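Just so it is clear, the structure is predicted and the values come from calculations on it, not from any experiment. Throughout, numbering of the chain's residues begins at 1 and tracks the sequence. Values below: every heavy atom of this structure, side chains too, minus hydrogens, waters and symmetry copies.
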Amino acid sequence: MYKGKNSTAPPLHSVAPVESSEVKDTWYHNLVNVSIITEFFPPDYAATGQLIEELVTELEKQGVSIKVFTGQPGYAFTTAKAPALEQVGDIRVQRSRSTQVWSGRIRGKAINGILFTLRAFLHMIKNARKDNVFLLTSAPPFLSIAGYFAHLLLRFPYVCLIYDLYPDIAIALGVVSKNHWLAKFWRQINRKIWQKSKGIIVLSPAMKERVISICPEVADKISVIHSWGDPDLIVPIAKEHNWFAKEYNLVNKFTVLYSGNMGRCHDMDTILATAKQLQNEPIQFVCIGGGPKRESFIQEVTRLGLKNFLFLPYQDKSVLPYSLTACDLSLVSVEVGLESLVAPSKLYPALAAGRPIAAICPKDSYLRQLITDGKFGTTIDNGDSDALAAFIRKLKSDRQLAEKMGNSSREYLQSNFTPEIIAKQYLQVLEKSMM
């Protein structure tokens, strides 16, 4: 499954709000040359890499010239090495020579990120052109710093794509204190980066408000563009016709699926408490993926003696159409205090699967408005395992309601969050950055 962070229809840009349904097919005819810098790209299965691959594929269909600079695989199924230079259709992919070391450890990830950032800086210096815009992702978190300094030297335009907002996440998780010199420096350099950028893309309205609170003068540069799911790749499949459901004995069990990263930003405690309540009922919990919380979560399940959990590793992208539809309910979760710092990308493929969604999140999370608008599930307060257990029992006993919510999931995605719709929104920001 997509790692981590596997994303309504908010304004595209605060200067000239545009709803996704209003995006026209005639505005993207101008030639745009885009260089995308991201540490992760397939064969990595990290969520950011998978999403960028889908984005560049859709942008290429719309006539955009694209180059990708990325790293060697750190999270891959079959290979630890990928070609240094690869041509995928009209998309040119160049990979850094540096390899991933200790990818499963925090210190190793930091070292990998620093090495990639240094190589990305040299790449930008070597390849910058005034008719080329750089799209700088937040993978690794300090990549935009390299883009900023390269811009100071060569004055090329760049757009920041913020998947996760640092150092705020590190502060919220207690990794570093708010008054630490590193946090203060990072905040200060972020302001300079955003001020010099031609555009800033965030994944939710709450993230936009957080960026504005840090740097009010960039408010008119910020575009809220959600993540997406591919309804052509992921199509609803009845469990009785689904080989994945058959293989893991899920066909005749009401199945609750958590698919994606079990990270520090995700509320796993509420899921565990809910499963404990339902341990004597014919309900199966399935967790697919990895992440920092996975091992401790499995240990706690074992300690409690729970028999209603099935843990599986990340699945290859070709398996997703089957793994995501081998359930009756999908779960999405965000920890308290992180609602404006992260946006769960796992929501959107789950919508494509045509299943109800239960989102465990703080009261002011943007997920609540999405689910209210789309009517495809419910939201649960962090820690309220009683409410989640009650919703699961309700769906289990009322299959018509479950089917109705599942249909609404897919309809909402197709109206708002397809790759084509989202790519047009990205292209609008990129074109504006060239003006």
Derivation of the side chain to side chain donor-acceptor pair (under 3.5 Å) call for Ser385 and Gln277: CA-CA 8 Å; Ser385 58; Gln277 284 193 44; 3.0 Å; yes
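- Each of Leu329, Leu331, Ile288, Leu250 was scored for a side chain to side chain contact (heavy atoms under 4.5 Å, CB included) with Leu257, with one residue passing: Ile288.
- Enclosure of atom CG in Asp398 by more than 12 non-hydrogen atoms of other residues, nucleotides or ligands within 6.0 angstrom is indicated.
- In this structure a side-chain-to-backbone donor-acceptor pair under 3.5 Å is missing from Lys239 to Cys327.
- Around atom OH of Tyr322, no more than 12 heavy atoms belonging to other residues, nucleotides or ligands sit under 6.0 Å away.
- Taking the six-membered ring where tryptophan is involved, the planes of Phe69 and Phe116 are essentially parallel, since the angle between them stays under 30° and well short of 60°.
- Using a 4.0 Å cut-off between charged side-chain N and carboxylate O, Arg119 and Glu39 make no salt bridge.
- Residues Ser138 and Asp164 bring no donor and acceptor atom of their side chains to less than 3.5 Å of each other.
- Under the 3.5 Å distance criterion, with hydrogens and angles disregarded, a donor-acceptor pair is assigned to the side chains of Gln369 and Asp373.
- Judged purely by atom type and a 3.5 angstrom limit, Lys293 uses its side chain to pair as donor or acceptor with the backbone of His266.
- Under 4.0 Å is where a charged nitrogen must lie from a carboxylate oxygen, and between Arg210 and Asp168 at least one such pair does.
- Looking at Trp228 and Leu51, their side chains come closer than 4.5 Å, going by heavy atoms from C-beta outward.
- Asn261 and Pro292 make their closest contact through OD1-CD, 4.1 Å (heavy atoms, listed as atom of the first residue, atom of the second, distance).
- The pair Asp328-Arg399 counts as a salt bridge, with a side-chain nitrogen and a carboxylate oxygen less than 4.0 angstrom apart.
- In terms of modelled atom types and a separation under 3.5 Å, the side chain of Arg355 and the main chain of Ala350 share no donor-acceptor contact.
- Glu403 places no side-chain N or O within donor-acceptor distance of the main-chain N or O of Gln400, the cut-off being under 3.5 Å.
- Put simply, CG on Leu161 and OG on Ser223 are 11.0 Å apart, with the number rounded to the nearest 0.5 Å.
- Salt-bridge annotation for Arg368 and Asp381: present, with a side-chain N of the basic residue lying under 4.0 Å from a carboxylate O of the acidic one.
- Once rounded to the nearest 0.5 Å, the distance linking CG of Asn308 with CZ of Phe254 reads 13.0 Å.
- The closest donor-acceptor contact from the side chain of Gln50 to the backbone of Pro42 lies at 3.5 Å or more, if one exists at all.
- Lys317 has a carboxylate O that lies under 4.0 Å from a charged side-chain N of Glu54, or vice versa, which qualifies the two as a salt bridge.
- At a threshold of 4.5 Å between non-hydrogen side-chain atoms, the residues Ile237 and Trp243 do not count as touching.
- Side-chain contact check for Phe134 versus Pro157: every heavy-atom pair is 4.5 Å or farther apart.
- Smallest separation of non-hydrogen atoms from Asn132 and Ser35: ND2-OG, 3.0 Å.
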Chi angles and distances behind the side chain to side chain contact (heavy atoms under 4.5 Å, CB included) call for Met207, Ile222: CA-CA 10 Å; Met207 291 179 73; Ile222 304 173; over 6 Å; no
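- Checked by atom type and distance alone, the side chain of Lys246 never pairs as donor or acceptor with a backbone atom of His241 at under 3.5 Å.
- Listed for the Ser144 side chain is no donor-acceptor partner under 3.5 Å among the backbone atoms of Gly147.
- The shortest heavy-atom contact between Ala353 and Leu324 is CB-O, 3.5 Å.
- By the 4.5 Å heavy-atom criterion applied to side chains, Pro167 and Arg187 are counted as neighbours.
- In this structure the side chain of Ile52 reaches within 4.5 angstrom of the side chain of Ile36, judged on heavy atoms.
- Between Val133 and Val159, some side-chain heavy-atom pair lies under the 4.5 Å cut-off.
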Verdict with supporting geometry, Leu143 and Ile37, side chain to side chain contact (heavy atoms under 4.5 Å, CB included): CA-CA 8 Å; Leu143 177 61; Ile37 314 293; 3.6 Å; yes
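- The minimum heavy-atom distance linking Trp194 with Cys215 is given by the pair CE3-CB, 3.8 Å.
- Closest approach of Leu306 to Gln279, counting heavy atoms only: CD2-OE1, 3.4 Å.
- Of the inter-residue distances, the one linking Leu427 atom CG with Leu59 atom CG reads 6.0 Å to the nearest 0.5 angstrom.
- Taking CD1 of Ile422 as the start and CG of Asp230 as the end, the distance is 12.0 Å to the nearest 0.5 Å.
- To the nearest 0.5 Å, atoms CD1 (Ile225) and CD (Gln428) are separated by 8.0 Å.
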Criterion side chain to side chain contact (heavy atoms under 4.5 Å, CB included) on Val286 and Tyr248, from CA distance to verdict: CA-CA 10 Å; Val286 178; Tyr248 293 103; over 6 Å; no
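- Not one N or O on the side chain of Asn242 forms a donor-acceptor pair closer than 3.5 Å with the backbone of Ala238.
- Side-chain atoms of Asn416 come within 3.5 Å of backbone atoms of Tyr412 as a donor-acceptor pair (strictly under, hydrogens ignored).
- Counting only distance, with no hydrogens or angles, the side chain of Ser409 and the backbone of Met405 share a donor-acceptor pair below 3.5 Å.
- Aromatic rings of Phe142 and Tyr166 (six-membered ring for Trp) have centroids beyond the 6.0 Å cut-off, not under it.
- Proximity of the aromatic rings of Tyr258 and Phe311 is defined here by a centroid distance below 6.0 angstrom, and this criterion is not met.
- Ion pairing between a basic and an acidic side chain is recognised when a charged N comes within 4.0 Å of a carboxylate O; Lys61 and Glu420 show no such pairing.
- Of all non-hydrogen atoms in Ala402 and Pro356, the two that sit nearest each other are O-CG, 3.4 Å.
- At least one side-chain heavy atom of Leu310 sits under 4.5 Å from a side-chain heavy atom of Gln284.
- Note that CH2 of Trp186 and CD1 of Ile145 are 6.5 Å apart. Values are rounded to the nearest 0.5 Å.
- Checked for salt-bridge contact, Glu86 and Arg95 meet the test: a charged N lies under 4.0 Å from a carboxylate O.
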Stepwise side chain to side chain contact (heavy atoms under 4.5 Å, CB included) check, Val175 with Ile169: CA-CA 9 Å; Val175 176; Ile169 290 177; over 6 Å; no
Derivation of the side chain to side chain donor-acceptor pair (under 3.5 Å) call for Asn382 and Asp267: CA-CA 7 Å; Asn382 297 95; Asp267 180 352; 2.9 Å; yes
Stepwise salt bridge (Lys or Arg N to Asp or Glu O under 4.0 Å) check, Glu339 with Lys363: CA-CA 9 Å; Glu339 59 275 5; Lys363 291 186 183 296; over 6 Å; no
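- The closest side-chain heavy-atom distance from Val235 to Thr325 is not below 4.5 Å.
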